[in-house]
Visitor: 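Handing you this structure, nothing more for now.
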Amino acid sequence: MDLRTGVLGCGLRVGIADHAHQPGAGSRIVAVCDPDPERAAAAAQRYDGDVRRTSTLDELLACELDAVFVVSPDHLHEEHAIRCLEAGVAVYLEKPLAISAEGCDRVLAAAQRTGGKLYVGHNMRHMPVIRTMRDLITSGAIGGVKSIWCRHFVGHGGDFYFKDWHADRSKSTGLLLQKGAHDIDVLHWLADGYSRRVNAMGALTVYGDITDRNAQETYKTGHDWAEYERNWPPLSQTGLNPVVDVEDLNLVNLQLDNGVLASYQQCHYTPDYWRNYTVIGTEGRLENFGDGDGAVVKVWNRRHRGYAPEADRVVEVERASGGHGGADPRIVAEFLEFVRADVPTVTSPIAAREAVATGCAATESLCNGGIPVEVTPPDTALLDHFEKPGRS
């Protein structure tokens with residue numbers, strides 16, 4: 001029998017649920033929910049059959065769901081996830097888990113209290129380029145990891161994050177959390193540890209100077225790539241969110257619980273859009289070049305004199321179809337199997353919480369002159385409930 005699945009929030013990330021609409025093959029979308037009737041109608045049209053449109057969470061939960069995709073704006077994640085868990089519905093919660101560490105802990109506590117199934121959508125763990133680096137590390141290709149550096153060139157930052165609620169700190173905490181949660185989670189996963197001390201600097205260096213703002217907040221429901229190409233240079237952007245009070249340039253240093261030192265750098269007005277990781281170990285280093293189709297991971301694990309453009313090993317990254325380099329269909333498949341059979345998962349609610357706690361601590365640091373800030377670990381009872389032996 002198909003899992004009866006709903007969608008809560010019909011904005012830009014609604015497409016993730018498309019991979020769960022497999023009538024007769026194990027799952028189907030039966031209801032969508034959004035306070036905007038036009039967005040709800042557009043979402044319902046994505047699926048064949050009789051899909052119920054709802055405007056409130058109460059109406060959605062009355063649809064006898066087995067599972068729900070919570071893809072509402074970040075500041076609503078905590079409330080929506082807890083309500084769904086308390087209703088006995090398995091939850092796919094788009095990252096970040098919440099916009100504060102305390103909010104994360106309340107969601108985790110609700111899952112523990114109800115025995116509900118909680119899955120957080122850190123889809124980068126399923127991206128082929130990340131899996132390639134992880135496999136190389138765990139195989140011992142560079143020895144023990146000692147440091148990781150991530151540079152994130154967010155070429156469409158002005159198009160994606162400064163024209164809606166993402167630019168409002170009250171609804172996102174900041175882009176070190178909202179956007180950075182992906183990479184912080186990957187840094188933790190590749191390093192096999194969690195951040196315990198951070199310090200950060202950041203500033204609103206470009207988009208704060210743009211005065212062309214929308215009269216009211218809007219919600220993106222799709223991408224206009226032709227328009228994005230015209231929006232260059234960054235200061236030519238128009239129609240920004242009425243409130244723009246988050247940083248567009250961020251730098252953070254991280255000290256992990258296993259001694260690994262890491263750094264994350266994020267810029268929202270670069271001409272290109274990709275991520276570059278460098279992982280340094282006791283017996284070499286690796287680095288990705290590209291993060292989508294055609295990407296490779298290069299490994300240097302012999303002594304070289306000076307600059308060594310030719311790597312000792314070059315691993316081509318698997319090509320995969322689907323959003324985020326093929327990660328979206330894979331993460332949805334894992335979630336559905338988790339709901340059906342309680343299988344072990346690559347993602348982890350505790351890891352998702354650690355990414356948020358780190359992003360929040362980094363934001364606190366940059367808002368206070370870059371002072372070091374300790375990252376508080378989760379409660380032992382939550383660790384005991386969610387963590388299986390070893391890191392996920």
Side-chain angles (χ1 to χ4, degrees), residues 13 15-22 25-27 92 94-95 119-143 145 148-156 179 181-192 223 225 262 264 272-281 283-301 308-338 341 343-348 351-352 355 390-392:
R13 197 67 178 119
I16 187 72
D18 292 359
H19 303 291
H21 189 59
Q22 305 167 26
S27 62
Y92 178 105
E94 180 61 24
K95 71 87 204 159
Y119 186 102
V120 186
H122 275 282
N123 57 354
M124 282 187 65
R125 291 193 178 206
H126 288 271
M127 285 178 65
V129 67
I130 303 301
R131 299 302 294 265
T132 299
M133 290 189 287
R134 166 82 173 181
D135 290 346
L136 284 165
I137 290 167
T138 57
S139 72
I142 59 169
V145 173
I148 306 179
W149 311 333
C150 176
R151 299 181 300 163
H152 193 182
F153 309 105
V154 191
H156 289 301
K179 186 64 172 168
H182 269 313
D183 295 284
I184 292 170
D185 180 60
V186 169
L187 288 168
H188 287 167
W189 197 41
L190 296 182
D192 196 28
H223 290 302
W225 296 105
Y264 173 60
D272 49 348
Y273 194 171
W274 67 294
R275 295 168 165 93
N276 170 257
Y277 288 86
T278 295
V279 186
I280 302 174
E283 299 175 17
R285 76 175 182 93
L286 62 79
E287 182 175 354
N288 70 294
F289 292 82
D291 56 13
D293 283 351
V296 298
V297 176
K298 295 185 178 183
V299 180
W300 290 264
N301 53 15
E310 299 298 325
D312 299 310
R313 181 178 177 187
V314 178
V315 180
E316 294 186 0
V317 174
E318 172 196 1
R319 293 176 181 266
S321 60
H324 292 89
D328 286 356
R330 295 181 184 192
I331 198 171
V332 171
E334 182 176 81
F335 167 65
L336 295 173
E337 195 62 20
F338 171 62
V343 299
T345 61
V346 173
T347 65
S348 156
R391 301 249 191 232
S392 61

Visitor: Is the closest side-chain heavy-atom distance between Cys150 and His182 below 4.5 Å?
Guide: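 The answer is no, as the side chains (C-beta and beyond) never meet within the 4.5 Å cut-off.
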Visitor: A side-chain contact here means heavy atoms from C-beta on lying under 4.5 Å apart; do Ile184 and His188 qualify?
Guide: yes
Visitor: For Pro128 and Arg330, which heavy atoms make the closest approach, and how far apart are they?
Guide: CG-NH1, 4.3 Å
Visitor: Which atom pair, heavy atoms only, marks the closest approach of Ala351 to Asp185?
Guide: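 Heavy-atom minimum between the residues: CB-OD1, 3.7 Å.
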Visitor: Should the pair His156 and Trp225 be assigned to parallel (<30°), tilted (30 to 60°) or perpendicular (>60°) ring geometry?
Guide: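 Perpendicular, since the angle between the ring planes exceeds 60°.
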Visitor: Can you confirm whether Leu336 sits close enough to Gln22 that some side-chain heavy atom of one is under 4.5 Å from a side-chain heavy atom of the other?
Guide: yes
Visitor: Could you walk me through whether Asp328 and Arg13 pass salt bridge (charged side-chain N to carboxylate O under 4.0 Å, His left out), step by step?
Guide: CA-CA 11 Å; Asp328 286 356; Arg13 197 67 178 119; 3.0 Å; yes
Visitor: Checking side-chain polar atoms at under 3.5 Å, does Tyr277 have a donor or acceptor matched by the opposite partner on Asp291?
Guide: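 No, because no side-chain N or O of Tyr277 sits under 3.5 Å from a partner of the opposite role on Asp291.
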Visitor: Indicate the ring-plane relationship of Phe335 and Tyr92, choosing parallel, tilted or perpendicular according to the 30° and 60° boundaries.
Guide: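 The arrangement is perpendicular - the two ring planes meet at more than 60°.
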Visitor: Distance check, rounded to the nearest 0.5 Å: Met124 atom CE versus His324 atom NE2?
Guide: 8.5 Å
Visitor: If the condition is side chain to side chain donor-acceptor pair (under 3.5 Å), which residues does Glu337 pass it with, not counting sequence neighbours?
Guide: Arg340
Visitor: Quick one, Val299 and Leu286 - any side-chain contact, counting heavy atoms below 4.5 Å?
Guide: yes
Visitor: What pairs with Glu316 under side chain to side chain donor-acceptor pair (under 3.5 Å), at least two apart in sequence or on another chain?
Guide: none
Visitor: Output all residues satisfying side chain to side chain donor-acceptor pair (under 3.5 Å) with Asp293, sequence neighbours left out; order by chain, then residue number.
Guide: none
Visitor: Which residues satisfy the ring-ring contact (aromatic ring centres under 6.0 Å, His included) test with His21, sequence neighbours excluded?
Guide: Tyr47
Visitor: Quick one: are Arg125 and Ile130 in side-chain contact, heavy atoms under 4.5 Å?
Guide: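 With C-beta onward as the side chain, the pair stays apart.
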Visitor: Can you tell me how far apart CG (Asn288) and CE (Met133) are? Round to the nearest 0.5 Å.
Guide: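 CE of Met133 is found 4.5 Å from CG of Asn288.
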Visitor: Take Val145 and Val279, measure what side-chain contact (heavy atoms from CB on, under 4.5 Å) needs, and give me the verdict at the end.
Guide: CA-CA 7 Å; Val145 173; Val279 186; 3.9 Å; yes
Visitor: So Arg131 and Glu318, do their side chains get closer than 4.5 Å, heavy atoms only?
Guide: no
Visitor: Are Ile16 and Ile331 close enough, and set up right, to give a side-chain contact (heavy atoms from CB on, under 4.5 Å), and what steps lead you there?
Guide: CA-CA 9 Å; Ile16 187 72; Ile331 198 171; 4.2 Å; yes
Visitor: Write down the atom of Tyr264, the atom of Leu187, and the distance for their closest heavy-atom approach.
Guide: CB-CD1, 4.1 Å
Visitor: Between Asn123 and Ala327 (side chain of the first, backbone of the second, donor and acceptor by atom type, cut-off under 3.5 Å), is there such a pair?
Guide: no
Visitor: Kindly give the heavy-atom pair with the smallest separation between Pro329 and Ser321, and that separation in Å.
Guide: CG-O, 3.7 Å
Visitor: Looking only at heavy atoms, what is the nearest atom pair of Ser27 and Ala20, with distance?
Guide: OG-O, 2.6 Å
Visitor: Contact between His152 and Lys179 at the side-chain level, heavy atoms closer than 4.5 Å - yes or no?
Guide: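 Yes, close enough: below the 4.5 Å cut-off.
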Visitor: For Thr278, check side chain to side chain contact (heavy atoms under 4.5 Å, CB included) against everything at least two apart and list the hits.
Guide: Trp149, Asn276, Ile280, Arg285, Glu287
Visitor: Report yes if the side chains of Arg313 and Leu136 come closer than 4.5 Å at any heavy-atom pair, otherwise no.
Guide: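 They are in contact (side-chain heavy atoms under 4.5 Å apart), so the answer is yes.
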Visitor: Which pair of heavy atoms, one from Thr138 and one from Asp135, lies closest together, and at what distance?
Guide: OG1-O, 3.2 Å
Visitor: Quick check against the 3.5 Å criterion: does Asn301 have a side-chain atom that pairs as donor or acceptor with the backbone of Asp312?
Guide: no
Visitor: For His126, which residues count as a side chain to side chain donor-acceptor pair (under 3.5 Å) partner, sequence neighbours excluded?
Guide: Glu334
